[in-house]
Amino acid sequence: MHKKVLIGVAWPYVNGELHIGHLAGYLLPADICARYHRSIGNQVLMVSGSDCFGTPITLEADKRKITPDEVVKDYHQKDTHLFREILDLSYDLYTLTNHPNHIKVTQDFFIKMLEGGYLFIDKTKQYYSPTQNRFLPDRYVVGECPFCGTEDTRSDQCDSCGKLISHGELLHPRSNLTGEDVEFKDTEHYFVDWPKLQPRIEKYVETAGRNWKDWVNNETLGWLKEGLKPRAITRDLDWGVPIPVDRIPQDLLIENANSKRIYVWFDAVIGYFSASLLWATINEGKWEDFWFGENLKHYYFMGKDNLVFHTLFWPGQLMVYNSELHLPDVVSINMFLNLDGKQFSKSRGVVLKIEDIVEKYGNDLVRFYLTLIMPETRDSSFVWSDLYEKVNGVLVANLGNFIHRTLSLYKGQKLAKTNEINEVTTSAIRNAFRKSRDFLESCQYRNYLDSVLELTAYGNLLVDKHKVWELKKTNTEEFEEVMTQLLGVVVAIGYLINPLLPEGSSRLSNYTGLRGFDKWPEDGKEIETINPLIKEIIVSDGLKPLFTKLDKTQDTF
RNA sequence: CGCGGGGUGGAGGAAUGGCACCUCGUCAGGCUCAUAAUCUGAAGGUCCCGGUUCGAAUCCGGGCCCCGCAACCA
């Protein structure tokens with residue numbers, strides 16, 4: 001019974017370059033998930049794109065003296081190249097939020113919320129420049145700190161004394177664009193009435209939360225217990241999804257609606273849905289298959305800062321838009337990856353670009369190490385010396401070497417047709433598949449990797465225990481018997497590493513002359529599938545170690 | 001006292017109040033098919049202070065530190 005699996009990957013914000021924290025936190029987990037589900041025969045739709053709107057983009061544009069649109073194009077092109085050409089991430093569609101399709105769908109969501117009575121109009125105070133005749137985002141305003149009197153401090157926190165400055169407390173606010181004084185003035189905005197939606201969201205969390213990690217569930221329940229508060233959905237900006245003014249009745253229209261935009265927190269998550277529609281248009285696929293009915297599973301991947309937008313707000317938006325739509329099942333949220341214990345930060349020079357490390361070490365090595373240290377339950381650290389230790393000590397010495405020593409011993413031989421995998425090996429292989437399936441299904445990738453490594457350890461032990469290199473010379477019958485077990489493990493590993501290490505898996509299929517490991521055996525039929533395959537193995541003359549050691553002395557980082 | 005998450009050998013991770021476990025590294029020994037690979041064994045640990053308990057990594061109180069919500073950054 002195959003499933004339809006939607007994989008929503010967080011939309012990278014296009015105001016800067018991506019680093020390996022993004023890769024370890026959500027890009028890689030999502031890709032492993034997609035590859036796994038395809039390998040067990042499920043139909044997968046994996047979508048994401050560039051998150052284009054919001055103040056940080058306009059700031060970046062001002063800094064570089066180009067338009068926001070140019071900033072978006074620049075980074076979108078870079079990210080797309082990185083994902084497609086370098087990382088080979090298996091997106092079915094990677095689009096962007098300033099695509100006309102997304103803008104229209106976002107406006108549809110907005111209208112549905114308005115019609116459903118889940119939006120209301122209220123006033124907030126914002127900085128306003130009379131000379132420019134426009135409202136300014138907080139980030140464009142500087143002034144005097146009300147606590148220590150420092151001049152030219154930011155509007156939200158004092159650079160000098162570090163205290164947080166509440167909205168409106170800043171003294172003598174000025175525009176940092178023109179230097180002129182600004183006013184603090186009322187402005188009308190739409191607010192989402194979350195308290196009104198809370199009961200429905202609570203009901204959803206009650207069941208869906210069981211699929212989440214404990215800390216994700218707890219944090220979400222904490223927000224609900226506190227009580228959801230109305231949240232402004234629009235901003236005084238000119239960069240964002242326009243308010244669909246001509247579709248709003250006059251009495252529900254806010255003042256100066258044309259100079260306001262729907263804010264980024266509301267529109268970005270809608271991308272999962274709008275991208276599904278766009279994918280269907282481009283590929284003549286049926287998006288409805290992935291969003292309505294039974295036998296669906298929806299995964300979402302993101303960093304911890306994005307939590308409530310996916311466990312509370314996005315489900316809320318979906319249920320208002322159409323109560324039949326499938327809501328998120330697994331919301332897989334990772335903590336942050338640090339670099340040598342420090343947070344990534346451009347200004348502090350804590351930077352590690354994805355393409356730099358991937359070009360140097362290759363995808364599989366990076367995928368392996370990042371999975372090993374994946375910040376699944378708490379922040380973790382990328383440490384250079386640890387990369388060498390883990391790659392050389394685990395991936396190369398344990399997994400790669402097991403494959404290589406086995407195939408080296410077997411090279412030039414052929415098994416008799418009667419050889420079969422024995423009981424002990426059967427249970428080792430079945431166990432590895434069962435655990436891998438469970439862990440992959442629930443996005444526990446470190447545990448999945450562990451269960452694969454357990455199987456290679458079993459293989460290594462077998463070689464040693466039976467002194468296979470001696471048997472090869474002294475006892476052909478027993479040699480074949482043990483070799484049958486070893487080759488069974490090799491084939492199993494070929495399948496098992498496929499979602500995680502696609503390049504290694506594909507090299508292994510070349511070395512063994514087998515057709516490829518991208519379609520896993522049916523659940524429970526692993527041994528029946530593998531038994532005939534091992535007799536087809538002909539070790540290629542071009543056999544080389546599956547993974548090679550890193551030479552620390554050659555490194556320049 | 002704004003809300004929330006977290007602190008376990010050198011590194012990364014487990015542990016319904018019940019013998020602190022796993023992987024890597026280190027050290028000692030074995031093996032030589034394999035990439036100085038592999039196999040066996042050993043040393044080394046619950047952030048601090050107090051409390052509850054026959055028994056605490058776990059529960060309670062107090063502290064210290066890191067992180068998210070919330071600047072450049074996920």
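Nothing here was measured: the structure is a model prediction, and the numbers come from that model.
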Quantified in whole Å, what is the P atom distance between nucleotide B/U46 and nucleotide B/G50?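 My reading of the P atoms in B/U46 and B/G50 gives 15 Å.
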Euclidean distance for C1', B/A43 against B/C47 (whole angstrom):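 So the two C1' atoms sit 23 Å from each other.
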Within residues 443-468 of chain A, which residues have any heavy atom lying less than 4.0 Å from an atom of RNA chain B? A/Arg446, A/Asn460, A/Leu461, A/Val463, A/Asp464
Side-chain donor-acceptor pair present, A/Lys549, A/Asn401, cut-off under 3.5 Å: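 There is no such pair (donor and acceptor under 3.5 Å, judged by atom type) between the side chains of A/Lys549 and A/Asn401.
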If only side-chain N and O atoms of A/Gln343 are considered, is one of them under 4.0 Å from the OP1 or OP2 phosphate oxygen of B/C66?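 Checking A/Gln343 against B/C66: no side-chain N or O falls below 4.0 Å of OP1 or OP2.
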Nearest to the side chain of A/Pro56, heavy atoms from C-beta on, is which of B/C72, B/A11, B/C33? B/C72
Please state the P separation for the pair B/C59 and B/U16 - nearest whole angstrom.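 Those two atoms are separated by 10 Å.
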Tell me, with the steps shown, if A/Asn510 and A/Arg507 meet side-chain hydrogen bond (donor to acceptor under 3.5 Å, both in side chains). CA-CA 5 Å; A/Asn510 288 336; A/Arg507 275 200 302 279; over 6 Å; no
Starting from P on B/G4, measure out to CG on A/Leu221 and report it in whole angstrom.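 The answer, rounded to whole Å, is 12 Å.
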Going by side chain to side chain donor-acceptor pair (under 3.5 Å), name the residues that satisfy it together with A/Thr58, two or more places apart in sequence or in a different chain. A/Tyr140
Using a 4.0 Å heavy-atom cut-off across all strands, classify A/Asn401 as base, sugar-phosphate, or nothing.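 It contacts base atoms.
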Side chain of A/Ala397 only, heavy atoms from C-beta on: which candidate in B/A34, B/U23, B/U38 is closest?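 From the listed options, B/U38 comes nearest.
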Which part of the nucleic acid, if any, lies within reach of A/Leu407 when heavy atoms closer than 4.0 Å are counted: base, sugar-phosphate only, or nothing?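 No contact.
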From C-beta outward on A/Leu409, which listed nucleotide comes closest to its side chain: B/C33, B/C67, B/C73?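 Output: B/C33.
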Say we look at B/A34 and B/G41: how far apart would their P atoms be, to the nearest angstrom?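 Roughly 25 Å separates the two P atoms.
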Heavy atoms under 4.0 Å, any strand shown: does A/Phe547 hit a base, just sugar-phosphate, or nothing?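 Here A/Phe547 touches the bases of the nucleic acid.
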Side chain of A/Val394, heavy atoms from C-beta onward: which of B/G5, B/C73, B/U23 has the nearest atom to it?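 Ranking B/G5, B/C73, B/U23 by closest atom to the A/Val394 side chain puts B/U23 first.
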Find which nucleotide of RNA chain B each of A/Ser381 and A/Val396 is nearest to by heavy atoms, and output the residue with the more 5' nucleotide.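 Final value for this comparison: A/Ser381.
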Is the distance from OP1 or OP2 of B/U38 to the nearest side-chain N or O of A/Asn398 less than 4.0 Å?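 For B/U38, OP1/OP2 do not have a side-chain N/O of A/Asn398 under 4.0 Å.
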Is there a Watson-Crick or G-U wobble partner for B/A20 with both distances under 3.5 Å, and which nucleotide is it? none
Would you call the rings of A/Phe344 and A/His19 parallel, tilted or perpendicular if under 30° counts as parallel and over 60° as perpendicular? parallel
I want to check one thing: is the phosphate of B/G25, taken as OP1 and OP2, less than 4.0 Å away from some side-chain N or O of A/Ser385? no
Side chain of A/Asp379 only, heavy atoms from C-beta on: which candidate in B/C73, B/C24, B/C67 is closest?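 Nearest listed nucleotide: B/C67.
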Name the nucleic acid region contacted by A/Asn15, choosing base, sugar-phosphate or nothing; use a 4.0 angstrom heavy-atom cut-off, strictly under.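 Sugar-phosphate, no base atom in range.
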Residue A/Ser380, side-chain atoms from C-beta onward, closest of B/G12, B/U32, B/A34: B/G12
Look through every strand shown and name the nucleotide pairing with B/G25 as Watson-Crick or G-U wobble, where both distances are under 3.5 Å.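 Result: none.
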Could you check whether the rings of A/Trp239 and A/Phe53 sit parallel, tilted or perpendicular, using 30° and 60° as the cut-offs?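 A/Trp239 and A/Phe53: perpendicular rings.
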B/G9 and B/C54: how far apart are their C1' atoms, nearest whole angstrom?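 One C1' to the other, the span is 28 Å.
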Rounding to the closest angstrom, what is the interatomic distance between B/G12 and B/G7 at atom P? 12 Å
Identify whether NZ of Lys or CZ of Arg in A/Lys544 sits under 6.0 Å from the centre of the six-membered ring of A/Tyr511 and within 45° of that ring's axis. no
Without hydrogens or angle criteria, can the side chains of A/Ser90 and A/Asp31 be said to hold a donor-acceptor pair below 3.5 Å?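 Yes.
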What pairs of residues pass the salt bridge (Lys or Arg N to Asp or Glu O under 4.0 Å) test when at least one of them lies in residues 441-457 of chain A, not counting sequence neighbours?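 For residues 441-457 of chain A, and leaving out neighbouring residues, the salt bridge (Lys or Arg N to Asp or Glu O under 4.0 Å) pairs sorted by first residue read A/Lys297-A/Glu441, A/Glu376-A/Arg446, A/Lys435-A/Glu454.
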Is any side-chain N or O of A/Asp386 under 3.5 Å from a base N or O of B/A11, one able to act as donor and the other as acceptor? no
Report yes if at least one side-chain N or O of A/Lys549 is closer than 4.0 Å to OP1 or OP2 of B/A37; otherwise report no. yes
Between B/A15 and B/C19, how far apart are the C1' atoms? Round to whole Å, please. 12 Å
A/Trp469 stacking on B/C33: centroids under 5.5 Å, ring planes under 30°? yes
Should the pair A/Tyr300 and A/Tyr272 be assigned to parallel (<30°), tilted (30 to 60°) or perpendicular (>60°) ring geometry? perpendicular
Identify whether any heavy atom of A/Leu387 sits under 4.0 Å from a base atom; if not, whether one sits that close to sugar-phosphate; answer base, sugar-phosphate or nothing. nothing
With a 4.0 Å cutoff (strictly under), does any side-chain N or O of A/Arg378 reach OP1 or OP2 of B/G7? yes
